[in-house]
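Note sheet for the following structure.
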Amino acid sequence: MKNKLVTTAIDYVNGAPHLGHALEKIYADVYARHLRKKHAVYFLTGTDENSLKNVRAAEKAGVSTEEFVLKNSLKFQELKTALNLSYNDFIRTTEERHVKGVQKLWKLAKKDIYKKNYKGLYCVSCEEYYKEDDLKCPIHKTELEEIEEENYFFKLSKYQDKILDLIEKDEVQIIPQARKNEILNFIKSGLQDFCISRTSERAKGWGIDVPNDPNQKIWVWFDALANYMTALSKEDFDKFWINGDVIHIIGKDIVRFHAVYFIGILLALNFKLPKKIVTHGFITVDGEKMSKTISNVIDPFDLVLRYGRDPLRYFLLSEFKTTADGDFSYEKFEKKYHADLSSGLGNLVSRILTMIEKKDLKGSTIVVDFSFKEEIKKYVLKYEKHLNDFEFNESINIIWEMQRFLDKYIEEKKPWEVTDRKELVLIFSKLVYALRKIALMLDVFLPETSEKILSFLGEDESKIDVIKKEMLFPRLNEYG
RNA sequence: GCCAGAGUAGCUCAGGGGUUAGAGCACUCGUUUCAUAAGCGAGCCGCCGUGAGUUCGAAUCUCACCUCUGGCACCA
């Protein structure tokens with residue numbers, strides 16, 4: 001039994017959360033729920049608020065930056081209820097625990113931090129640096145200016161060989177393999193030191209001060225990545241970081257910062273390294289990237305209102321291979337809802353419960369033979385294997401295999417024709433036993449549905465019972 | 001341009017040197033009534049990206065080519 005720290009990326013708060021944010025939180029939630037069955041788990045998420053973008057967005061909105069980031073952070077926090085997330089901590093990078101923590105870490109890493117001139121192409125309107133290939137600002141189409149300023153840098157180059165070795169040997173495991181290869185190539189191409197501060201002026205005074213240098217603000221990565229540590233109290237750091245496994249769940253766009261920069265920083269601090277970095281894909285909508293310009297951004301709150309929490313979780317978890325991109329469409333969503341949730345699971349639950357009532361089997365003692373239990377166990381083992389490997393969609397498929405197995409079993413036994421009570425009890429013992437298992441397997445994916453099924457069957461696992469009945473997933477077309 | 005990965009049924013994908021290539025969804029037919037126009041059974045649909053090679057035998061290995069996706073540093 002080992003302790004586990006499960007983290008998500010912390011989100012930028014310059015807008016409301018979209019479906020992509022929901023996806024990542026749900027993945028992390030499933031994994032955390034799975035781990036909780038055997039481990040002590042600290043599940044952490046949060047918002048990244050020290051960005052210059054926020055200052056500008058707040059100016060535009062005519063509110064103070066503090067007010068602006070708080071308002072948006074709260075929107076992200078609303079995802080907890082909307083998606084039924086089980087995280088036990090939410091950190092905002094403007095919180096004191098984070099500010100103090102980052103400064104403390106900065107001091108601890110001091111030996112690998114130095115000052116040097118940073119030269120880059122800068123767009124005055126964006127107030128941002130751009131790559132050397134684009135000579136013009138991609139947004140304003142204006143000439144970029146070459147600007148030079150003095151900043152702090154982190155000696156990443158010093159750790160190149162060490163990081164390469166760690167990743168090659170999977171001491172820090174990057175999932176999936178393809179991402180690991182990308183990172184290895186990136187490291188082999190040579191690591192440069194990276195900039196970890198901006199002048200306070202350029203940062204418009206927003207952000208965390210560099211210790212003993214109020215003219216500089218700590219910039220992006222040294223700030224944001226540190227949240228995984230600054231969120232933890234001393235006791236929890238001990239319990240979950242030092243004596244536990246750290247698992248980061250992040251988008252494919254920020255693998256490098258976790259697998260290279262962060263590992264470098266941790267090496268400088270001489271801290272324990274994360275065990276796994278799991279990267280998920282992105283969501284397209286009807287085959288296109290989500291973007292405001294073509295206004296196809298999907299609002300997760302909307303989907304929850306329309307279809308419910310579990311159906312939304314279900315779609316994202318079953319339709320997408322965890323580490324690959326996936327496509328969202330209302331048509332696919334509803335198709336899956338009907339095929340798997342209504343006709344599949346919902347219908348099975350419904351037919352079992354109704355027959356128990358009609359055949360008056362409530363209160364009978366459950367008797368299940370060993371070979372049937374073994375049969376069920378095979379499904380459970382496969383299900384667990386896929387969960388451990390972050391193959392959530394595969395894991396769900398195993399549950400549906402089991403559901404089809406039960407439907408076939410019912411067909412074969414034709415319990416509606418059976419009159420012998422003893423035989424009926426035997427049949428429904430198995431069905432109730434298996435249905436409970438299905439509910440328990442579902443609880444990481446569809447916690448609400450899982451609870452409902454268990455509550456229908458009653459608390460006493462040794463008796464056949466129906467406490468109440470309710471349609472789990474009504475067909476959608478009946479409501480327009 | 002360079003480096004990865006992928007191209008298999010209408011859709012999403014699994015498989016992977018050897019009997020007639022798989023699953024789910026969709027579709028067609030049959031069947032059942034316990035159940036949410038649900039269930040079960042059967043069927044349909046594939047030159048397994050293209051060309052060549054290795055082999056007794058390739059979708060599976062090798063090479064070339066085509067197409068797509070991703071990565072190629074300061075971007076959560």
Side-chain angles (χ1 to χ4, degrees), chain A residues 8-14 20-21 24 46-48 51 53 93 118 120 128-133 151 153-154 156 176-196 198 219-225 227 250-258 260-261 279 281-282 318-321 324-327 331-332 335-336 338-359 393-394 396-397 400-401 403-404 406-418 427-428 431 469-478:
Chain A
T8 70
I10 51 175
D11 298 306
Y12 255 166
V13 287
N14 54 352
H21 295 110
E24 177 172 295
T47 41
D48 181 9
S51 164
K53 282 180 188 167
T93 56
Y118 177 80
E128 243 173 271
Y129 285 96
Y130 284 100
K131 277 185 239 172
E132 289 179 19
D133 352 335
N151 295 128
F153 277 73
F154 177 77
L156 184 66
Q177 179 79 26
R179 297 282 161 219
K180 173 180 164 181
N181 295 341
E182 278 176 16
I183 289 296
L184 288 175
N185 284 334
F186 173 72
I187 299 170
K188 283 176 192 162
S189 74
L191 295 184
Q192 293 166 27
D193 297 345
F194 67 100
C195 185
I196 52 172
R198 280 289 130 101
W219 190 60
V220 190
W221 299 110
F222 202 93
D223 168 0
L225 291 165
N227 90 86
I250 56 167
K252 61 184 186 180
D253 54 333
I254 52 173
V255 194
R256 176 189 312 155
F257 307 110
H258 286 77
V260 183
Y261 288 25
T279 73
F282 289 151
S318 64
E319 175 71 13
F320 302 166
K321 188 175 164 179
D325 290 350
D327 187 55
E331 197 192 334
K332 280 185 200 168
K335 228 176 194 176
K336 262 198 166 292
H338 281 138
D340 302 340
L341 298 179
S342 301
S343 307
L345 180 67
N347 182 59
L348 176 69
V349 172
S350 180
R351 67 196 301 207
I352 291 174
L353 296 184
T354 302
M355 278 189 280
I356 290 173
E357 286 184 330
K358 286 196 175 172
K359 294 290 182 181
N393 58 331
E394 297 293 339
I396 287 173
N397 278 336
W400 293 163
E401 271 179 31
Q403 169 248 310
R404 280 191 288 273
L406 295 184
D407 268 323
K408 278 175 197 166
Y409 177 77
I410 292 172
E411 219 58 48
E412 186 196 319
K413 295 292 178 185
K414 302 192 192 318
W416 53 90
E417 288 175 4
V418 176
I427 294 169
F428 283 92
L431 290 172
K469 230 174 72 180
E470 153 192 336
M471 211 180 256
L472 288 174
F473 301 103
R475 306 212 125 240
L476 299 167
N477 46 17
E478 288 168 14

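Lettering follows sequence order; numbering is per chain, from 1.
- Under the rule for a ring-ring contact (aromatic ring centres under 6.0 Å, His included), A:Phe153 has no partner lying at least two apart in sequence or in another chain.
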**Asked** If pairs are Watson-Crick or G-U with both distances under 3.5 Å, what is the dot-bracket string of RNA chain B, marking crossing pairs with [ ] and pairs to another strand with |?
**Response** (((((((..((((....[...)))).(((((.......))))).....(((((..]....))))))))))))....

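- Rounded to whole Å, atom P of B:A35 lies 14 Å from atom CD of A:Glu417.
- Rounded to the nearest 0.5 Å, atoms CZ (A:Arg256) and CD1 (A:Ile250) are 11.5 Å apart.
- The interatomic distance linking A:Leu472 (CG) with B:A35 (P) rounds to 16 Å, in whole Å.
- Spacing of P atoms, B:C13 relative to B:C3, comes out at 27 Å, to the nearest Å.
- Here the side chain of A:Thr354 is nearest to one of B:A35, B:G71, B:C40, namely B:A35.
- By the 30° and 60° cut-offs, the orientation of the rings of A:Tyr261 relative to A:Trp221 is perpendicular.
- On the P atoms, B:U8 is 14 Å away from B:G46, given to the nearest whole Å.
- Closest-nucleotide positions on RNA chain B for A:Pro415 and A:Lys252 were compared, and the one nearer the 5' end corresponds to A:Pro415.
- Using a 4.0 Å heavy-atom criterion, one finds that A:Gly251 contacts no nucleic acid atom at all.
- A salt bridge links A:Glu357 with A:Lys469: the distance from a Lys NZ or Arg NE/NH1/NH2 to an Asp or Glu carboxylate oxygen falls below 4.0 Å.
- Defined by atom type and a distance below 3.5 Å, a donor-acceptor pair is missing between the side-chain atoms of A:Asn397 and A:Glu401.
- Across all their heavy atoms, A:Lys359 and A:Trp416 have their closest contact at NZ-O, 3.2 Å.
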Under 3.5 Å, which protein N or O atoms sit close to an N or O of nucleotides 5-15 of chain B? Give each pair with its distance.
| unit_1 | atom_1 | unit_2 | atom_2 | d |
| --- | --- | --- | --- | --- |
| B:A14 | OP1 | A:Lys321 | NZ | 3.4 |

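- For the side-chain hydrogen bond (donor to acceptor under 3.5 Å, both in side chains) test, residues two or more places apart in sequence or in another chain that qualify with A:Asp340 are A:Tyr314, A:Lys336.
- B:A42 and B:G22: their P atoms are spaced 14 Å apart (whole Å).
- The gap from the P atom of B:C61 to that of B:A38 amounts to 41 Å, rounded to the nearest Å.
- Comparing B:C34, B:U36, B:A73 against the side chain of A:Met471 picks out B:U36 as the nearest.
- If you check every strand for non-hydrogen atoms under 4.0 Å, A:Val255 touches nothing.
- Comparing B:C11 with B:G49, their P atoms are spaced 14 Å from each other, to the whole Å.
- Taking the C1' atoms as reference points, B:U20 lies 31 Å from B:C63, given to the whole Å.
- If you check every strand for non-hydrogen atoms under 4.0 Å, A:Ser343 touches sugar and phosphate atoms only.
- In the set B:C25, B:C75, B:G70, B:C25 carries the atom at the smallest distance from any side-chain atom of A:Ala339.
- If you check every strand for non-hydrogen atoms under 4.0 Å, A:Ile250 touches nothing.
- When the side-chain hydrogen bond (donor to acceptor under 3.5 Å, both in side chains) test is applied to A:Asp327, the partners found at least two apart in sequence or on another chain are A:Thr284, A:Lys332.
- When the P atom of B:A73 is taken as reference, atom CD1 of A:Ile183 falls 12 Å away, rounded to whole Å.
- An OP1 or OP2 oxygen of B:C72 is reached within less than 4.0 angstrom by a side-chain nitrogen or oxygen of A:Arg256.
- Take A:Glu411 and apply the side-chain hydrogen bond (donor to acceptor under 3.5 Å, both in side chains) test, not counting sequence neighbours, and it matches A:Arg351.
- When the side-chain nitrogen and oxygen atoms of A:Lys408 are compared with OP1 and OP2 of B:G41, one or more of them lie within a distance under 4.0 Å.
- Considering every non-hydrogen atom in both A:Leu225 and A:Phe257, the closest pair reads CD1-O, 3.5 Å.
- Between A:Arg475 and B:A38 there is a side-chain N or O to OP1 or OP2 distance below 4.0 Å.
- The distance from atom CH2 of A:Trp221 to atom P of B:C74 is 12 Å, rounded to the nearest whole Å.
- To the nearest angstrom, P of B:C75 lies 13 Å from CG of A:Asp253.
- The separation between A:Lys359 atom NZ and B:A35 atom P is 11 Å, rounded to whole Å.
- In this structure, A:Asp11 places its CG atom 12 Å from P of B:A76, rounding to the nearest Å.
- When each of B:A76, B:C3, B:C34 is scored by its nearest atom to the side-chain atoms of A:Ile410, the top-ranked nucleotide is B:C34.
- In the set B:U36, B:A76, B:A35, B:A76 carries the atom at the smallest distance from any side-chain atom of A:Ile254.
- B:C44 and B:C27 have their C1' atoms separated by 8 Å, with the value rounded to a whole Å.
- Residue contacts shown for A:Gly190 include a base, since a base heavy atom lies under 4.0 Å away.
- A stacking contact links A:Trp416 to B:C34: the aromatic ring centre lies within less than 5.5 Å of the base's six-membered ring centre, and the planes differ by less than 30°.
- Taking side-chain N and O atoms only, A:Lys358 has a distance below 4.0 Å to OP1 or OP2 of B:A35.
- Taking every side-chain heavy atom of A:Arg179 into account, B:G70 is the closest of B:C3, B:G70, B:C34.
- Residue A:Met355 places its side chain closer to B:C34 than to any other of B:G71, B:C34, B:A73.
- Counting heavy atoms of neighbouring residues, nucleotides and ligands inside a 6.0 Å radius, atom CD of A:Glu417 exceeds 12 of them.
- Residue A:Trp400 has no polar side-chain atom (N or O) positioned under 4.0 Å from OP1 or OP2 of B:G24.
- The P atoms of B:C40 and B:A23 are separated by 14 Å, rounded to the nearest whole Å.
- At whole-Å resolution of the value, CG in A:Asn14 and P in B:A76 are 10 Å apart.
- Using a 4.5 Å heavy-atom threshold, the side chains of A:Val255 and A:Lys180 count as separate.
- When every heavy atom of A:Cys195 is checked against every heavy atom of A:Asn151, the shortest pair comes out as SG-CB, 3.6 Å.
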